[in-house]
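Please read all numbers here as calculations on a predicted model, not as lab measurements.
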Amino acid sequence: AFLLGFIPAKADFVVVLLCRQPCATQSIAKDQSWDLSQWQPLINDRCFLSWLVKVPSDADQLRARQITSQQINKLEELWKETPNATLEDLEKPGVDEDVQDVLLRYEDAYQYQNIFGPLVKMEADYDRRLKESQSCEGVVVRWDMALN
């Protein structure tokens, strides 16, 4: 059962997107005096409702290309660095860096380094991007002496 749905609001042509459980049963929904009995799911017959998402034309469907969930995941990861990236950017060299699988036993230290080196670099790059995304610019700090 799909739990995300909508309730018509008091205002004309306005709907409230709301999950059925637990959102619609919580007091916030009752405080807004929405009629919870009018809750309807956003998906009908395995499709989004037509007023929410435009149904593509036959020409658009013929033009569409099939992509895998792996391509979707890689594109979403690429969007974190390059928001305007497209599927064609996935085919560029260096974008799809597959790393070797970690082994239970290694023949020598060189094999160990060649497998773990790229993994450590990827983790360091990820940590750096995460810290950079949490930074604040334009912050002014002023130190004053207390009176006591």
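Between L87 atom CG and I67 atom CD1 the span is 5.0 Å, to the nearest 0.5 Å.
Residue R63 places its CZ atom among 12 or fewer non-hydrogen atoms of other residues, nucleotides or ligands, all under 6.0 Å distant. The 12-atom threshold is not exceeded at CD of E123, counting heavy atoms of other residues, nucleotides or ligands nearer than 6.0 Å. Applying the 6.0 Å contact sphere to CG of D144 captures more than 12 heavy atoms from other residues, nucleotides or ligands. For Q113, the CD atom counts as loosely surrounded, since its 6.0 Å shell holds 12 or fewer non-hydrogen atoms of other residues, nucleotides or ligands.
R129 is listed as a side-chain neighbour of E81, based on a closest heavy-atom distance under 4.5 Å. Residues Q100 and L119 are not in side-chain contact: their nearest non-hydrogen atoms beyond the backbone lie 4.5 Å or more apart. Looking only at side-chain heavy atoms (C-beta outward), F6 and L52 stay at 4.5 Å or farther from each other. You'll find the side chain of K80 reaches within 4.5 Å of the side chain of E77, heavy atoms only. Within the 4.5 Å cutoff, the side chain of V15 has heavy atoms near those of the W51 side chain.
Of all heavy-atom pairs between N114 and P118, the closest is O-CD, 3.2 Å. Closest approach of A85 and L75 over heavy atoms only: O-CD1, 4.0 Å. Across every non-hydrogen atom of N84 and D89, the tightest pair is O-OD2, 4.3 Å. In terms of heavy atoms, V55 sits closest to S50 at CG2-CB, 4.4 Å. Of all heavy-atom pairs between L90 and Q71, the closest is CD1-O, 3.7 Å.
Checked by atom type and distance alone, the side chain of S133 pairs as donor or acceptor with a backbone atom of L130 at under 3.5 Å. Side chain of D60 to backbone of P56: no donor-acceptor contact under 3.5 angstrom is found. Side-chain N or O atoms of Q134 include none that pairs as donor or acceptor with a backbone N or O of K131 at under 3.5 Å.
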(message) Let's go through L49 and I43 carefully: what are the C-alpha distance in whole Å and the side-chain angles of both, what is the deciding distance for side chain to side chain contact (heavy atoms under 4.5 Å, CB included) to 0.1 Å, and is it a yes or a no?
(response) CA-CA 6 Å; L49 297 176; I43 292 184; over 6 Å; no
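When the side chain to side chain donor-acceptor pair (under 3.5 Å) test is applied to E76, no partner is found at least two apart in sequence or on another chain. Scored by the side chain to side chain donor-acceptor pair (under 3.5 Å) test, Q111 finds no partners at all (sequence neighbours excluded).
Cluster membership for Y106 and V120, using ILVMFWY side-chain heavy atoms within less than 4.5 angstrom, is not shared.
A side-chain donor-acceptor contact under 3.5 Å links E88 and T86.
Sequence neighbours left out, the pairs with a member in residues 115-134 that pass ring pair (Phe, Tyr, Trp, His ring centres under 6.0 Å) are Y112-F116.
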